[in-house]
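In what follows, a structure is listed as structure tokens, so that the remarks can point back to it.
Every chain is numbered from 1, with letters handed out A, B, ... down the list of sequences.
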Amino acid sequence: MKEAGINPDVVTYNSLIAGASKHCLLSRCLDLFEEMLQKGLRPDVWSYNSLMHCFFKSGQPDEANRVFRDIILSNIDPSTTTFNIMINGLCKNGYTENALMLFRNLQRHRFTPQIDTYNILINGLCKAGRLGAARRLLKELGQSGHIPNAITYTTVMKCCFRSRRFKQGLEIFTEMKEKGYTFDGFAYCTIIGALVKMGRTEEANELMENMVTDGIELDMVSYNTLINMYCKKGNLEAAYNLLDEIEKGGFECDEYTHTILIDGLCKASNIEGAERHLRYMTMMGFDSNLVAFNCWLDGLCKAGEVDYAMKVFKSMELKDSFTYSSLVHNLCKARRFHSAAKLLLSCLRSGVKILRSAQKAVILGLNSSGYSREASRLRSKIQLAKLLHF
DNA sequence: CTAGGGTTAG
């Protein structure tokens with residue numbers, strides 16, 4: 001454009017900023033913004049919206065908030081997208097309560113929220129585990145005269161599956177079908193993923209075929225869902241064959257793909273294969289291999305290699321509640337109740353949430369192996385720890 | 001030219 005003597009305008013810069021934002025390139029966003037100002041171009045609401053979004057995506061909610069403030073206090077009118085980006089960004093950064101407050105403030109100031117805004121907030125509330133609030137908002141959406149769209153349905157369905165309310169989730173799926181909503185890749189993957197988790201791979205397979213017949217082009221997420229289905233069926237060969245097809249199609253496997261395969265290898269009792277794949281994944285520098293490590297750790301325990309698993313556990317720099325719950329469970333299965341109790345206590349100290357069933361297994365194990373004093377001490381520690389996290 | 005739903009582990 002420059003060579004042709006065409007001057008970039010605001011839309012040109014906005015396009016570039018949007019692209020940088022999509023790829024999480026915050027400094028590039030800021031440079032472009034600066035360059036725009038230097039050229040004497042006035043950023044518009046689109047520029048600010050994209051910048052805000054990029055700050056949120058980069059985990060800098062305070063900076064995003066500052067941009068939001070600038071918009072409000074300047075003579076630029078915020079758009080509905082401005083509010084949507086704010087509400088979504090706040091949710092994604094753990095500020096669900098603030099998102100809800102912003103939403104309520106908007107209502108008070110006569111910004112009638114549209115269906116998109118409801119969807120964003122319902123999703124945020126679900127992910128934060130605030131199912132009651134999400135349900136209330138869903139009801140409010142209906143009362144305000146909006147008709148739930150396919151996104152609303154997918155969001156709520158996913159929310160049910162996440163909280164293991166499979167029956168309820170399937171009912172939503174049926175309702176969606178009966179009301180004639182069009183299924184896109186998002187809806188299909190949600191339901192297929194849940195069916196696979198329930199072990200209903202035949203039905204999952206049928207829906208996968210429906211998805212293709214409907215003419216939906218498979219993307220990386222659909223491929224991952226498909227690979228996961230093959231793995232759960234125990235057909236690792238089909239999973240690997242698919243990898244070739246994916247790469248021929250110009251897609252690139254992501255951390256989900258590799259994690260699914262690692263778990264598949266573990267579940268097929270190929271622990272060495274899993275370890276090799278995990279090493280490969282680490283070498284390739286994927287941003288997160290925590291889930292893969294958790295799968296492998298669980299696989300090691302299930303294969304009877306508890307000592308090795310403990311060694312791996314100690315070497316892990318990143319751990320989450322899955323890591324701990326799974327290990328505590330497995331230690332109990334191996335009848336190592338004292339190690340399990342020690343680990344459980346360290347969770348209480350650090351505030352890591354651990355499955356109730358894992359806690360129960362430790363207490364039950366200590367009791368049954370004649371350590372009832374230790375069991376009751378542990379029980380009271382669990383009770384006391386609840387005082388810390390209100 | 002911007003936002004929002006889908007895929008992995010206990």
Side-chain angles (χ1 to χ4, degrees), chain A residues 9-19 21-22 43-54 56-57 79-89 91-92 114-124 126-127 148-159 161 183-194 196-197 211 216 218-229 231-232 254-264 266-267 288-299 301-302 320-330 353-355 357-358 361:
Chain A
D9 62 4
V10 180
V11 177
T12 318
Y13 275 100
N14 286 349
S15 304
L16 291 168
I17 292 173
S21 178
K22 194 159 270 171
D44 61 7
V45 66
W46 298 70
S47 335
Y48 283 106
N49 285 349
S50 293
L51 187 60
M52 239 170 50
H53 182 225
C54 199
F56 274 127
K57 272 184 91 168
S79 59
T80 38
T81 305
T82 311
F83 299 124
N84 287 343
I85 292 173
M86 270 308 284
I87 291 172
N88 179 54
C91 287
K92 293 274 157 71
Q114 298 305 300
I115 181 90
D116 313 323
T117 317
Y118 275 101
N119 287 343
I120 289 169
L121 195 53
I122 289 171
N123 184 46
C126 284
K127 296 268 159 72
N149 59 19
I151 295 182
T152 321
Y153 272 93
T154 313
T155 304
V156 176
M157 193 161 70
K158 175 66 195 166
C159 181
F161 293 139
F183 282 78
D184 59 10
F186 283 75
Y188 269 119
C189 288
T190 307
I191 182 78
I192 291 168
V196 169
K197 185 153 270 171
M211 182 170 157
I216 295 170
L218 298 189
D219 62 5
M220 206 48 234
V221 176
S222 336
Y223 277 124
N224 285 340
T225 308
L226 187 53
I227 292 174
N228 190 39
M229 190 179 84
C231 286
K232 288 290 158 6
D254 58 12
E255 63 186 80
Y256 282 86
T257 324
H258 295 297
T259 307
I260 288 165
L261 284 168
I262 288 166
D263 188 51
C266 287
K267 297 277 154 60
S288 169
N289 56 13
L290 176 59
V291 180
F293 258 100
N294 285 344
C295 295
W296 183 46
L297 210 59
D298 187 61
C301 290
K302 297 256 162 30
D320 65 0
S321 77
F322 275 88
T323 325
Y324 285 96
S325 286
S326 152
L327 200 55
V328 167
H329 246 146
N330 280 312
K353 283 230 193 328
I354 189 162
L355 276 185
S357 62

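The CG atom of A/Leu297 sits 7.0 Å away from atom OG1 of A/Thr323, with the distance rounded to the nearest 0.5 Å. Atom CZ of A/Phe56 sits about 11.5 Å away from atom OG of A/Ser21, to the nearest 0.5 Å.
Comparing atom distances between the A/Asp263 side chain and each of B/dG5, B/dA9, B/dT2 picks out B/dA9 as nearest.
A sub-4.0 Å separation between OP1 or OP2 of B/dG4 and a side-chain N or O of A/Lys57 is absent. Look at A/Lys267 and you'll find a side-chain N or O under 4.0 angstrom from OP1 or OP2 of B/dG10. The side chain of A/Asn14 contributes no N or O atom lying less than 4.0 Å from OP1 or OP2 of B/dT2. Side-chain nitrogen and oxygen atoms of A/Asn123 include at least one within less than 4.0 Å of the OP1 or OP2 phosphate oxygen of B/dG5. For A/Lys127, a side-chain nitrogen or oxygen approaches OP1 or OP2 of B/dG6 to under 4.0 Å. Between A/Lys232 and B/dA9, a side-chain N or O to OP1/OP2 separation shorter than 4.0 Å is present.
Evaluation of atom-type donor-acceptor distances gives no pair under 3.5 Å for the side chain of A/Thr155 against the base of B/dG5. Side-chain to base pairing of A/Ser325 with B/dG10: one donor and one acceptor N or O lie within less than 3.5 Å of each other. Contact of A/Asn149 with B/dG5 (side chain to base): no donor-acceptor pair of N or O atoms is detected under 3.5 Å. One can find a donor-acceptor pair under 3.5 Å joining the base of B/dG5 and the side-chain atoms of A/Asp184.
Using a 4.0 Å heavy-atom distance criterion, A/Asp219 is classed as a base contact. Within the nucleic acid shown, A/Ile260 comes within 4.0 Å of sugar-phosphate atoms alone, with no base atom in reach, counting heavy atoms only. In this structure, A/Thr323 reaches neither bases nor backbone, as no heavy-atom distance under 4.0 Å exists between it and the strands shown. Using a 4.0 Å heavy-atom distance criterion, A/Asn88 is classed as a sugar-phosphate-only contact. Nucleic acid contact for A/Thr259: base, since at least one base atom lies under 4.0 Å from a heavy atom of the residue. A/Ser50 comes within contact range of the sugar-phosphate backbone alone, with a heavy-atom separation under 4.0 Å but no base atom that close. When heavy atoms are screened at a 4.0 angstrom cut-off, A/Ala150 is found touching base atoms of the nucleic acid. The residue A/Ser326 sits close only to the backbone: its heavy atoms come under 4.0 Å of sugar-phosphate atoms, none of a base.
Judged by distance alone, with hydrogens and angles left aside, the side-chain atoms of A/Thr152 form a donor-acceptor pair with the main-chain N or O of A/Asn149 at under 3.5 Å. Distance alone, capped at 3.5 Å, places no donor-acceptor pair between the A/Ser325 side chain and the A/Phe322 backbone. Within the 3.5 Å criterion, the main-chain N or O of A/Ile87 finds no donor-acceptor partner in the side chain of A/Asn84.
What separates CH2 of A/Trp296 from C1' of B/dG10 is a distance of 17 Å, to the nearest Å. The CG atom of A/Asn119 sits 12 Å away from the P atom of B/dG4 (whole-angstrom rounding).
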